[in-house]
Amino acid sequence: MPPHLKHFLPKAFWIAGLALVFLLLYAPILSAVLFSFSADRFPSLDMSGFSTQWYAQVLTDRAMLEALGNSLTVAAITALIATALGFAAAYADYRFRFFGQKAVLALALLPPTVPLVILGLAMLAFFSRIGIAGTLMAVVAAHVVIAAPFAMAICRLRLAQLDETLETAAQNLGAQPHSALARIVLPHTLPAILAAFLITFAVSFDEYVIAWFTGGLNETIPVAVLTTLQGQVDPTIHVIGTMSFSVTLTLVLIALAVVLSQSGGAMSKEET
Amino acid sequence: MTAPAIPARTSLRRFLFNRAWRALWVLPLPVWLLLFFAVPLGLLVAISFWSVVNYRLTPDATLSAWRYVLGLDFLWASFWRSYSLSMASAVAISLLAFPASYAMAFVAAPRQRLILLGLAIAPFFTSYLVRIYSWQVFLTEGGVISSVVQALGGKGESLLNTYFALFLGHATLALPVVLILQTIALANVDRTGISAAANLGARPAAILFRVILPAARPGLALGLLFAFLLSYAEFVSAAYLGGGAFQTLPILVTDLVRAGQQWPRAAVVALLMIASLLVTAFLTVLWAYREKG
């Protein structure tokens, strides 16, 4: 930034605004972690003591462990497929000029803008017709739709930094298309592929609307939380929350560290 | 000069190989999206013209679901409530995020900005439901906020079932996205324009309102649009923080399907939502890229 930019309001105002937003974002997360260790059933500021009883309760709850298994299965398969499809689409857009390229790009960016309630409704209708409603595979098929655009965007961002002539040069020197891809493009894109895998995993692991609509009796963790929310106060939600936060925050922060450290220069003009 | 037979054949093979190689990369995502995204949405459009006979969904070509839903007074009440609440949230979230985005774009050093952006976006991917449940703990009677207010001498009533609670839910969902879009928009404002205005003696207020804001308008508008889109589609805050005091369209859709098997009617409501979203998106983009008058 230009050092001589005079701010309209004092610096402290803008920094206070930043602090307020971070407080709003992280207060619910920190409070869930705090109360997950509370000895009381009803969370309040005067905690009577520290306890891990709710953790013990969650870890011995068979329904919850089953939901965790479902979540991990769905998220892992979703992340694999979504990353593969996302990378393929990003590479196709980078490498080739083909008919309908813009239309494909638009189609790929559309799913995140459609309300999940509507997607869930449409997919439940469709899956019931083809007879796979209520299975985990239905949830995977739907989650890939909402996760793949993230994977595509991450991979495309990284590919934009690769000199387009390198691959052609390799092919002119006699390299087959696949070996040029394997030796030049893949190593360059690998961090982005890893980041895409982690982000898509997190997207699927946290998604509850579509999983609730299409999963039937196969509950995932967020769907189990949704069902619990409808009941009364239940401290185990804080435990599940703390465990989910540690999993997804770790995945996402690793992914972001990878993406941001490599595309930082591309993000704004003045950093050259 | 004559083309020998063998090279012609190898070039045909090469041509076919190239085609197949290209299709291998181009096709998978569009095919998946057509099958599991476009077809289901198309089916939803079709279902809005179907009928329910003896509790069974039957293919048909009737406008009865459309007539029924469009004639419901409480649907329109619900539609305008949803729309205005989400728009209010979107404006408020944008205003709330702006000082923070400004700080990240103009106060923080580039390296700090990346770290802050990372920390801002990370919650977007983490247990939204648990965070909503956490807000319940803050807002409820005898909860964190009311204890603090009581300690300060206030009454400390429950804040649940108020618009403030609903807004907090919307903000929890949309803030990360709005922060990213605003910060990128602000950070990409041409610095030489800012310096030029300053050198020509423009006051800080003029620099902000007449140089920075107009230049960042597309990104700021996109942030507003996404905040609206996310708030409009969200139903957990409305159900659990708003306490059912705010009957919104997404709640209506789930009720129609879960309770009454009224698929065609639910489809009509869903399509109305999509139509209103498209109109809003179109108007916002028009406004974002409008020439300066």
Side-chain angles (χ1 to χ4, degrees), chain A residues 1-2 4-8 11 14-15 17-18 21 24-25 28 31-32 43-45 85 88-89 91-92 96 98 104 107-108 111 113 115-118 121-123 125-126 141 144-145 148 177 202-203 206 208 222 225-226 229 237 241 244-245 248-249 252-253 256 260 264 268-271, chain B residues 21-22 25-26 28-30 32-33 36-37 39-41 43-44 47 96-97 99-100 102-103 106-107 110 114 118 121-123 125-131 133-135 137 142 144 147 171-172 175 184 187-188 191 194-195 198 204-205 208 229 233 235 240 250 253-254 257 266 270 273-274:
Chain A
M1 61 152 285
H4 51 274
L5 168 63
K6 289 211 180 60
H7 301 295
F8 167 52
K11 247 185 177 180
W14 308 109
I15 293 175
L18 187 65
V21 163
L24 281 179
L25 286 176
S31 110
S44 76
L45 273 187
L85 294 182
Y91 179 68
F96 308 119
F98 53 90
V104 167
L107 175 69
T113 65
L116 288 174
V117 175
I118 297 176
L121 189 70
M123 282 163 172
F126 176 63
V144 168
V145 169
V203 166
D206 196 36
Y208 57 92
V225 171
L226 187 68
L229 265 179
I237 290 187
S244 317
F245 289 141
T248 43
L249 272 182
V252 170
L253 288 176
L256 287 170
L260 291 180
S268 80
K269 286 171 190 163
E270 101 268 31
E271 294 147 24
Chain B
W21 174 252
R22 179 186 279 235
W25 301 103
V26 171
L29 184 64
W32 191 286
L33 290 180
F36 295 114
F37 177 66
V39 170
L41 283 183
L43 180 65
L44 198 64
I47 285 178
L96 179 66
Y102 184 98
F106 294 118
V107 180
L114 288 180
I121 193 72
F125 298 100
T126 56
S127 307
Y128 175 67
L129 288 174
V130 179
R131 289 186 288 141
Y133 182 75
S134 277
W135 279 127
V137 173
V144 175
S147 320
T172 302
L175 261 180
I184 291 178
N188 279 331
R191 305 291 156 138
I194 299 176
S195 306
L208 177 61
L229 206 140
F235 71 100
Y240 301 118
V253 170
T254 41
V257 170
M273 278 186 76
I274 292 191

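Each chain gets a letter, A, B and so on, in the order its sequence line appears, and its residues count up from 1. Note that the coordinates shown come from a computational prediction; the quantities given were computed from them, not determined experimentally.
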Kindly give the heavy-atom pair with the smallest separation between B:Thr254 and A:Val117, and that separation in Å. CG2-CG1, 4.3 Å

Any idea which heavy atoms bring B:Leu29 and A:Ala148 closest together, and the distance? CD1-CB, 3.6 Å

Which distance, rounded to the nearest 0.5 Å, do you find between the CG of A:Leu226 and the CG of B:Leu129? 5.5 Å

Among A:Ala32, A:Pro177, A:Ala108, which residue has the highest count of heavy-atom pairs closer than 4.5 Å to chain B? A:Pro177

Please identify each residue that fulfils side chain to side chain contact (heavy atoms under 4.5 Å, CB included) with B:Ala171, with sequence neighbours left out. B:Ile93, B:Phe167, B:Leu175

Say you draw a straight line from CG of A:Leu121 to CG of B:Leu41; how long is it, rounded to the nearest 0.5 Å? 9.5 Å

Using non-hydrogen atoms and a 4.5 Å limit, figure out which bit of B:Val26 sits close to chain A: side chain, backbone, both or neither. both

Sort A:Leu18 into side chain, backbone, both or neither according to what part of it lies under 4.5 angstrom from a heavy atom of chain B. both

Greatest number of heavy atom pairs closer than 4.5 Å to chain B - which of A:Leu256, A:Ile15, A:Ile118: A:Ile118

To the nearest 0.5 Å, what is the distance between CZ on A:Phe8 and OH on B:Tyr102? 9.5 Å

Pick whichever of A:Gly17, A:Pro222, A:Ala92, A:Ala88 has the most heavy-atom pairs under 4.5 Å with chain B. A:Ala88

How close do B:Ala97 and A:Val21 get, heavy atom to heavy atom, and via which atoms? CA-CG2, 4.4 Å

Exercise: identify the closest heavy-atom pair between A:Met123 and B:Phe36: CE-O, 3.0 Å

Contact part of A:Val104 toward chain B, heavy-atom cut-off under 4.5 Å: side chain, backbone, both or neither? side chain

Counting C-beta onward and ignoring hydrogens, is there a side-chain heavy-atom pair between A:Val225 and B:Tyr133 closer than 4.5 Å? no

Under 4.5 Å from any heavy atom of chain B, what part of A:Leu24 do you find: side chain, backbone, both or neither? both

Please rank B:Gly118, B:Ala266, B:Ala122, B:Ala233 by heavy-atom pairs under 4.5 Å with chain A and give me the top one. B:Ala122

Euclidean distance, B:Trp32 CH2 relative to A:Leu85 CG, rounded to 0.5 Å: 6.5 Å

Taking every heavy atom of B:Pro99 against every heavy atom of A:Trp14, the minimum-distance pair comes out as CA-CE3, 3.5 Å

With side chains defined as the heavy atoms from C-beta onward, is the minimum distance between B:Tyr128 and A:Asp206 less than 4.5 Å? yes

Using a 4.5 Å cut-off on heavy atoms from C-beta on, say whether the side chain of A:Thr248 contacts that of B:Phe125. no

Honestly, the part of B:Leu44 sitting under 4.5 Å from a heavy atom of chain A is side chain

Heavy-atom distances under 4.5 Å only: say whether B:Leu96 touches chain A with side chain, backbone, both or neither. both

Please classify the contact between B:Phe235 and chain A as side chain, backbone, both or neither, with a heavy-atom cut-off of under 4.5 Å. side chain

Nearest heavy-atom pair of A:Leu25 and B:Pro123: which atoms, and what distance? CB-CG, 4.3 Å

With sequence neighbours left out, what residues match B:Tyr240 under side-chain hydrogen bond (donor to acceptor under 3.5 Å, both in side chains)? A:Gln230

Would the distance check show the side chain of B:Ser134 and the main-chain N or O of A:Pro28 forming a donor-acceptor pair, the cut-off being under 3.5 Å? yes

Answer whether the closest heavy-atom distance between the side chains of A:Val145 and B:Leu33 falls below 4.5 Å. yes

